[in-house]
Structure formats: structure tokens, C-alpha cells
Visitor: 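Handing you a structure now.
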Amino acid sequence: MIATVPSLPGQLFTGPNVVELADVDFAYAAGDKPILSGLSMRFPRGKVVAVMGGSGCGKTTVMRLIGGMVRPQSGRVTFNGADIDTMDQDGLYAVRRQMGMLFQFGALFTDLSVFDNVAFPLREHTDLPESMIRDLVLMKLNAVGLRGARDLMPAQISGGMARRVALARAIALDPALIMYDEPFAGLDPISLGLTANLIRSLNNALGATTIIVSHDVQETFQIADYVYFIANGSIAAEGEPEALRASTDPFVHQFVHAEADGPVPFHYPGPSLADDFAAGGSR
Ligand SMILES: Nc1ncnc2c1ncn2[C@@H]1O[C@H](COP(=O)(O)OP(=O)(O)O)[C@@H](O)[C@H]1O
Ligand SMILES: [Mg+2]
């Protein structure tokens, strides 16, 4: 493994994976049933990788582990070869500057214009002169097709436009890694397709690596190079979208084809229907 400069975690690292999780166990409180157990994942440089699975399976938690917001009870989380799971606050700050994040329900600052929303991370994290910030913001807004909307306030734009502004804000610092948590949630079909294509093209234009957390199979499969399905705390299935689409694995089939019942049961556990009817009047 190539040595890294401690103050700039991972900058000299040229391994194939930007992020790796190795045998990670995680619970929010010690003694609780682990949310993730023995989880291993790889996020190769330049790729768009999706993390999918049912609501509450731990997708957002995976993002928090990579961002160093929470630490695993055991196992390793690395960013460009540097250990996130044991990193101090200065190290985490330096690492997070190389990560762009679009959080679940991540809203724009309602009292800031579109321009100022995108400028925010640049003003927060750099000492660049305002003239340069202006050029950078206009470039990012141009990339999402909203340069002309720069003076509007969030209340004056549609939900789909707001999501694109949030994308521009996530990439403001030219991150090496971009993480999107449920980027398609609540979008109409046209905005959804547009957002998906933007996520793919921004990754390629920036030479970045992208992680998408989503349960939207069709849109995600269209732009992902590789997909992980999480269930019961670990990887239930993984592969390239075409392979997963063709999979006969019951879990994958249920998820990909949006079937109500299967290995993930429709019914909350309980007595059988026949037993319940036989029990007559008593509840
Ligand atoms: N801050 C927290 N404290 C305790 N439990 C949490 C916290 N955040 C999430 N959880 C629980 O962890 C599980 C996984 O959550 P999450 O990663 O948000 O799932 P997903 O993003 O896949 O819907 C859920 O059961 C959720 O209730
Ligand atoms: Mg989530």
C-alpha cells in the first residue's frame, strides 16, 4: 500500500477503490441489534455505484460511515486508503472536503438565492476571492442547466430545479467522491430522468466517483455501473445492473420487479389467516 500524507488523507493513494468497507459491524447504541454486520463493499474509482435496499435497511447509515459521522464497532472504512473509522477531527475535516454530499431530504437554504446556495460551500471551505467564486458558481450552475436561474430564491423554483441546485451545491468543491442519498425522492418522472442523467454526466465530467443511495430501481439501474443490495444488515446481492435484472435469485427478483411479496414478506409475522378465522369472535 502506498503511504499517505497524514494532513491530506489519501491524496497520494492510487489504489483501485476510492472507498472500501471491510467486515463492518455497526449498531447505533452498544448492545443494540447491529444494523449492519460483516458488511464489505468496494467503490471503484470513476464508477457510479448504487446502494439499494428496503426502507430502514441501513443505506443512509452506510453514507454516514463513509463520511465519518458514525464509527463502526468493528471492521474498517477507508477513503483513498486512509482509515476513516479511526481518524481524528482534523483528518475528517480534510477528508470531507473531498466528498460532496446530497443528504436525504437535503433542502436548500430558503433565505439564500440559488447563486448563494451553490456559493455556500466555497465561502465556507475556501478563501477564494469573490470573483473566482462567481466563476465557479456559474460553471456549476451551467453544468445543471440553471445558470439563468441564479438570482431566483428557492421558493420561486420547481422541486426538480431545486434538486439540480442541490446537485450543483454538492459538486461545488470539485469532490473526488460524491454521495447522493435518495436523489430521486419526490421528483416527477421528467425531473427524475433528468436528475439521473445529470448524476451520471457530472461523475464523468468531474472524473469523480459516485455513490447513489436509492430504492428507485429503474432510474438507478440506468446509470449505475454496479449495484449492492442490502438486506438484514449485509449484502443480499450485488452485480452489474444487467446481471441483476436477469437474476433468478428470489430476493433480487422481488426487488427488481417490485413484487409485493417474496423473501421480503408482505405480511407482518402473525398467525395464519385460517387460524385467525378459526379463532372466531375473539381477537
Ligand atoms: N440516529 C439513529 N439512532 C438510532 N437508530 C437509528 C438512527 N438512524 C437510523 N436508525 C435506525 O437504523 C436503521 C437503518 O437506518 P437508515 O440507515 O436510515 O436506513 P435507510 O436509509 O436504508 O432507510 C433503521 O432501523 C433506523 O430506524
Ligand atoms: Mg435513508
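Whatever order the structure lists them in is the order used to number ligands and atoms, beginning at 1. Throughout, numbering of the chain's residues begins at 1 and tracks the sequence.
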Visitor: Any idea which protein heavy atom is nearest atom 5 (N) of ligand 1, and the distance to it?
Guide: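 Residue, atom and distance for the closest contact: Tyr28 CD1, 3.4 Å.
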Visitor: Considering only non-hydrogen protein atoms, determine which one is nearest to atom 16 (P) of ligand 1 and report residue, atom name and distance to 0.1 Å.
Guide: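 Minimum-distance protein heavy atom for atom 16 (P) of ligand 1 reads Thr61 OG1, 3.6 Å.
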Visitor: For ligand 1, which atoms have a heavy atom of Ser55 less than 4.0 angstrom away?
Guide: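 Heavy-atom distances to Ser55 below 4.0 Å select 23 (O).
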Visitor: Which of the numbered atoms in ligand 1 are below 4.0 angstrom from a heavy atom of Gly56?
Guide: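 Listed by number with element: 13 (C), 14 (C), 19 (O), 20 (P), 22 (O), 23 (O), 24 (C), 25 (O).
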Visitor: What's the shortest distance from atom 11 (C) of ligand 1 to any protein heavy atom, and which residue and atom give it?
Guide: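 Going atom by atom, the protein heavy atom closest to atom 11 (C) of ligand 1 ends up being Ile35 CD1, 3.8 Å.
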Visitor: Looking at ligand 1, does Gly53 have a heavy atom less than 4.0 Å from it?
Guide: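 Outside the 4.0 Å threshold, so no.
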Visitor: Measuring from Glu240:CD to Tyr226:OH, what's the distance to the nearest 0.5 Å?
Guide: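 With rounding to 0.5 Å, CD (Glu240) is 7.5 Å from OH (Tyr226).
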Visitor: Taking Asn203 for its side chain and Thr210 for its backbone only, find out whether a donor-acceptor pair lies under 3.5 Å.
Guide: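 It does hold such a pair.
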Visitor: Mind telling me whether Phe251 and Phe229 have parallel, tilted or perpendicular rings, with 30° and 60° as the class edges?
Guide: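 The rings of Phe229 and Phe251 stand perpendicular, inter-plane angle above 60°.
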Visitor: For ligand 1, which atoms sit closer than 4.0 Å to a heavy atom of Arg64?
Guide: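 Those atoms are 8 (N).
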Visitor: Answer yes or no for atom 26 (C) of ligand 1: protein heavy atom present at a distance under 4.0 Å?
Guide: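 So atom 26 (C) of ligand 1 lacks protein heavy-atom neighbours under 4.0 Å.
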Visitor: I'd like to know if the Mg ion (ligand 2) has an N/O/S atom from Ser55 within less than 2.8 Å of it, counting both backbone and side-chain atoms.
Guide: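 No, since none of the N, O or S atoms of Ser55 sits under 2.8 Å from the Mg ion (ligand 2).
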Visitor: Are any of the side-chain nitrogens in Asp23 or Arg76 under 4.0 Å away from the carboxylate oxygens of its partner?
Guide: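 Here Asp23 does not pair with Arg76 in a salt bridge, since their nearest N and O are not under 4.0 Å apart.
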Visitor: Is it true that the side chains of Ser113 and Asp151 contain a donor and an acceptor less than 3.5 Å apart?
Guide: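 Per modelled atom types, Ser113 and Asp151 side chains form no pair under 3.5 Å.
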Visitor: Looking only at distances, can you tell me whether any N or O atom of Thr60, backbone or side chain, sits closer than 3.5 Å to an N or O atom of ligand 1?
Guide: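 There is such a contact, yes.
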Visitor: Cation-pi check for Phe109 against Arg169: NZ or CZ below 6.0 Å from the six-membered ring centre and within 45 degrees of the axis, yes or no?
Guide: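 Because its charged atom sits under 6.0 Å from the ring centre and within 45° of the axis, Arg169 does stack over Phe109.
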Visitor: Could you tell me if the side chain of Leu244 sits less than 4.5 Å from the side chain of Asp249, heavy atoms only?
Guide: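 A side-chain contact is absent here, since even the closest heavy-atom pair is not under 4.5 Å.
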Visitor: Before signing off on this row, confirm whether Gly58 and ligand 1 have an N or O atom pair separated by under 3.5 Å.
Guide: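 Min N/O separation from ligand 1 is below 3.5 Å for Gly58.
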Visitor: With distance as the sole criterion, is a donor-acceptor pair present between the side chains of Tyr28 and Thr61 under 3.5 Å?
Guide: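 Yes, a side-chain donor-acceptor pair sits under 3.5 Å.
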